[in-house]
Amino acid sequence: MIVGWRLGEDYETLAELPDGILHVDLINASNSHSSGSIPALRITGELSMWLNNRFAAENIDRDQIRAASIELKHSTERISTNRKKIISFDFVCSSSIKTDEIEYKGALVEQHTYHQRQTPNPALQQTAPSVA
């Protein structure tokens with residue numbers, strides 16, 4: 001979910017950060033960035049709420065969970081672009097849920113392109129002539 005469409009609302013915030021690693025603490029619904037900043041990201045709260053809902057739906061005692069986190073490495077340098085118009089994001093994501101007995105891990109590598117900085121093409125915005 002963190003590299004899917006739900007992150008779309010936070011692309012602009014990520015675009016303003018230097019390439020690096022976003023650390024997300026799902027238990028405390030908080031995040032930090034390897035640059036030292038603490039970006040305000042909508043996805044952090046959504047993922048935390050989703051995970052807590054999953055715990056409830058699966059009858060998992062929340063007190064048994066010691067940590068739940070995501071690390072999202074993001075890079076924009078693979079494809080050179082005019083950053084004022086378009087940014088290509090590469091994501092490497094790892095996740096972890098820990099209890100006293102075991103740690104569950106996941107990983108995902110995805111590439112996304114952020115198009116919303118691109119100015120609209122005026123030719124595409126013209127209305128078609130009406131047919132009489």
Side-chain angles (χ1 to χ4, degrees):
M1 286 181 5
I2 195 163
V3 295
W5 66 272
R6 301 296 269 184
L7 183 63
E9 295 177 12
D10 292 323
Y11 277 159
E12 189 60 35
T13 302
L14 282 180
E16 296 300 322
L17 292 170
D19 290 355
I21 300 173
L22 179 68
H23 303 276
V24 181
D25 178 343
L26 297 171
I27 301 298
N28 297 306
S30 63
N31 60 258
S32 62
H33 189 266
S34 57
S35 66
S37 65
I38 302 175
L41 297 172
R42 181 179 178 133
I43 191 74
T44 301
E46 288 189 30
L47 288 173
S48 180
M49 189 173 15
W50 172 83
L51 185 60
N52 282 311
N53 286 339
R54 294 305 313 151
F55 289 154
E58 298 296 329
N59 293 318
I60 296 172
D61 182 1
R62 171 58 193 80
D63 291 336
Q64 299 299 311
I65 306 300
R66 299 295 170 232
S69 63
I70 295 173
E71 282 194 0
L72 179 67
K73 180 180 180 186
H74 61 98
S75 175
T76 59
E77 60 193 30
R78 185 176 56 88
I79 299 173
S80 180
T81 62
N82 177 346
R83 289 183 63 91
K84 292 181 181 178
K85 293 185 177 182
I86 190 168
I87 297 175
S88 174
F89 287 104
D90 290 336
F91 297 118
V92 177
C93 181
S94 62
S95 59
S96 170
I97 297 178
K98 295 178 186 178
T99 68
D100 284 338
E101 294 90 29
I102 195 166
E103 179 178 9
Y104 301 92
K105 293 183 175 187
L108 179 68
V109 175
E110 291 234 358
Q111 299 169 355
H112 291 275
T113 303
Y114 178 62
H115 290 283
Q116 293 185 4
R117 285 187 164 185
Q118 192 171 10
T119 56
N121 182 342
L124 297 176
Q125 293 182 353
Q126 295 175 356
T127 58
S130 61
V131 178

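Quick caveat: nothing in here was measured; it's all calculated off a predicted structure. No hydrogens, no waters, no symmetry mates; every other heavy atom, side chains included, goes into these values.
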Mind running side chain to side chain contact (heavy atoms under 4.5 Å, CB included) on I60 and I65 for me, showing each step along the way?
CA-CA 9 Å; I60 296 172; I65 306 300; 4.2 Å; yes
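- Listed here is the closest heavy atom pair of S95 and I70: CB-CG1, 4.1 Å.
- Remark: L26 CG to S96 OG distance equals 10.0 Å, nearest 0.5 Å.
- Of all heavy-atom pairs between Y11 and F89, the closest is O-CZ, 3.8 Å.
- Between S32 atom OG and H23 atom NE2 the span is 5.5 Å, to the nearest 0.5 Å.
- Nearest approach of I27 to S48, heavy atoms of both residues: O-OG, 4.4 Å.
- Using modelled atom types, no side-chain atom of D25 and backbone atom of S30 make a donor-acceptor pair closer than 3.5 Å.
- Within the 4.5 Å cutoff, no side-chain heavy atoms of I87 are placed close to those of L14.
- In terms of hydrophobic clustering, with Ile, Leu, Val, Met, Phe, Trp and Tyr side chains grouped at heavy-atom distances under 4.5 Å, W50 and I43 are assigned to a common cluster.
- Applying the side chain to side chain donor-acceptor pair (under 3.5 Å) rule to pairs touching residues 55-64 yields R54-E58, sequence neighbours excluded.
- The structure places SG of C93 at 9.0 Å from CD of E71, a figure rounded to the nearest 0.5 Å.
- Screening residues 87-104 for salt bridge (Lys or Arg N to Asp or Glu O under 4.0 Å) gives R66-D100, R78-D90 as the qualifying pairs, with residues at least two apart or on separate chains.
- With hydrogens and angles ignored, the 3.5 Å screen pairs no side-chain donor or acceptor of N31 with any backbone N or O of T44.
- Judged as a side-chain contact (heavy atoms from CB on, under 4.5 Å), and not counting sequence neighbours, the contacts of S37 are L17, H33, S35, P39.
- Looking at heavy atoms from C-beta onward, L22 lies in side-chain contact with L41 at the 4.5 angstrom threshold.
- With a 6.0 Å radius and a threshold of 12 heavy atoms from other residues, nucleotides or ligands, I38 has its CD1 atom at or below the threshold.
- We find the CG-NE2 distance between L72 and H74 to be 6.5 Å, quoted to the nearest 0.5 Å.
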